[in-house]
Amino acid sequence: MPSHCPARVQKNGRVRLSEASSPKFETKRVTATNLGGPIDLDKTLLSGQVFHWTRRADGSWSGLLGNEAVVVSEKNENLVLHQGPDDRVVRHFALDHPLEEIYAAFPEEPMSQSALAACRGMRILRQPRWECTAAFITSSMKQVAHIRSMSLAIRSRFGEAVDGSDINAYPPFEVLAKATVPALRECGLGYRAENLLKTARLLADGTIDLEAIAKQPTARLRQTLQMLPGVGVKVANCILLFAYERLDAVPIDTWIHRILLAMRKGRKGTPAQLAAYAHRRLGPYAGYVQQYLFHHARMAKRGAALNPASVFSVPFDSHAPARLALRANLRWSISKAPAFSIVVKTAGCGATSPREARHQK
DNA sequence: TGTGGACCTGGAAGC
DNA sequence: ACGCACAGGTCCACG
């Protein structure tokens, strides 16, 4: 299993695109740099890994890498850099991840193959450790849109301005460690405020060093991360996958939980059993498979209400997967899918998956 | 080891 | 329009 990122760095012949060949940006007279690919930038930045990037009217994306403003776009499935440090951008967008090798390792299983077909080019980013940890501490019981708004509020209130960027840098933990619960609550964190503050203080006083622990093996690192307030097994797996390059880590959220149950034809299990199953079934790049399944299911949600069978557009011998992905439309599920109504119903009431995804200490 | 329930908040969504 | 349910969990108290 690849506990580290495969050290296969692409030799990107940096192609200088003439201004004439990138009409979108000619007014700014910037020199665009082709950083390579393939990558699907929209899917990568919309798949719930990062939360502060902004899509511009011309289709390019602006965001921050630490304290540096970055603007990128996609052209012919390649990543094009318009602003920012090219070496760090290449690394952040993980252009060295061997996608074809990863795809070859996807399970021969309908939902995984369907998700792959729908999400080709989506990459798992290499995120700054603290930012990623903080973002996912605030993520519990929250939708992507709100995680984003919390991130932006924290940046606005505690972060430093960045040249060439509309938004501030994410405040270092030393800064947040000096914040207060009420101040963080004003950023919309709710009960998460206390967790983020306590974590920032644990890092600030040196109890845990997010960089030093990077050399720990995955299982141990997961335990270490779970020492942080607000970090349970699911969030720990997100951090492992998105900030520590553990591409086999599988965060089991409500979506993945239901998908795993569908793969097991409804057979339930303890969180540990489901996690073990996920690793067995999803293979050495289970984290990648998980991300594709998650994004595909989420994106198909709206369409699912109209045409449930299209969620995973592959033939099924059972309707279960479509029903599971359809949970958004609870009424429909119950009326049309009696065989699965119990699973769908309880999950919809929040009585099943959050609990079953809970870790035990 | 396994379950029940509290916890903040607001964008999205259904009647 | 207003009210309730819900959303990418965690943590703690109990059987």
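In this text, all values refer to a predicted model and were calculated from it rather than measured experimentally. In what follows, chains are A, B, ... by sequence order, proteins preceding strands, each numbered from 1.
- Taking the six-membered ring where the residue is Trp, the centroids of A/Tyr103 and A/Tyr285 are separated by 6.0 Å or more.
- For A/Pro229 and A/Leu46, each mapped to the nucleotide of DNA chain C holding its nearest heavy atom, the one lying further toward the 5' end belongs to A/Leu46.
- One interatomic measurement links the two molecules: CE of A/Met227 to P of C/dT10, which rounds to 16 Å at whole-angstrom precision.
- Taking atom P in both C/dG8 and B/dG14, one finds a spacing of 15 Å when rounded to whole Å.
- Rounding to whole angstrom units, CE of residue A/Met141 and C1' of C/dC11 are separated by 14 Å.
- Note: CD1 (A/Ile147) to C1' (C/dG8) measures 6 Å, nearest angstrom.
- Note on A/Val235: only backbone sugar-phosphate atoms sit closer than 4.0 angstrom, heavy atoms only; bases stay farther off.
- Among C/dG8, B/dC7, B/dG11, the nucleotide with an atom closest to any side-chain atom of A/Ala145 is B/dG11.
- What separates CD1 of A/Ile137 from P of C/dG9 is a distance of 15 Å, to the nearest Å.
- In this structure, A/Trp130 has its ring center no closer than 6.0 Å to that of A/Phe136.
- Scanning atom types as modelled, no donor and acceptor separated by under 3.5 angstrom connect the side chain of A/Lys234 and the base of C/dG9.
- Rounded to an integer number of Å, the gap from A/Gln273 CD to B/dT1 C1' is 12 Å.
- Shown here, C/dG8 forms no base pair; nothing in the strands shown gives a Watson-Crick or G-U wobble contact with both key distances under 3.5 Å.
- C/dA13 is paired with B/dT3 under the criterion used here, namely a Watson-Crick or G-U wobble arrangement in which both key atom distances are under 3.5 Å.
- Atom pair A/Met150:CE and B/dG11:P shows a separation of 11 Å (rounding to whole Å applied).
- Put simply, the side chain of A/Glu186 reaches to within 4.5 Å of the side chain of A/Arg157, judged on heavy atoms.
- Between A/Ser140 and A/Ser149, the residue whose closest nucleotide on DNA chain B is further toward the 5' end is A/Ser140.
- Among the atoms of the strands shown, none is found under 4.0 Å from any heavy atom of A/Thr138.
- Looking at heavy-atom distances under 4.0 Å, A/Gly48 makes contact with a base.
- Nucleic acid contact class of A/Pro251 (heavy atoms, under 4.0 Å, all strands): none.
- Taking 4.0 angstrom as the limit, A/Arg185 places a side-chain polar atom (N or O) nearer than this to OP1 or OP2 of B/dC8.
- Rounded to the nearest Å, the gap between the C1' atom of C/dT10 and that of B/dG11 is 23 Å.
- Ranking B/dG2, C/dG8, B/dC8 by closeness to the A/Thr270 side chain, first place goes to B/dG2.
- Distance CG/A/Leu203 to CG/A/Leu176: 10.0 Å, rounded to 0.5 Å.
- Rounded to the nearest Å, the gap between the P atom of B/dC15 and that of C/dC6 is 15 Å.
- Checking side-chain atoms of A/Gln291 against main-chain N and O of A/Ser47 turns up a donor-acceptor pair under 3.5 Å.
- Taking the six-membered ring for Trp and the full ring otherwise, A/Phe106 and A/Tyr288 have centroids separated by 6.0 Å or more.
- The distance between atom NE2 of A/His146 and atom C1' of B/dC7, rounded to the nearest whole Å, is 14 Å.
- Rounding to whole angstrom units, CD of residue A/Gln223 and P of C/dT10 are separated by 15 Å.
- If you check B/dC8 for Watson-Crick or wobble pairing at under 3.5 angstrom, you find it has no partner at all.
- B/dG10 and C/dC11 have their P atoms separated by 22 Å, given to the nearest Å.
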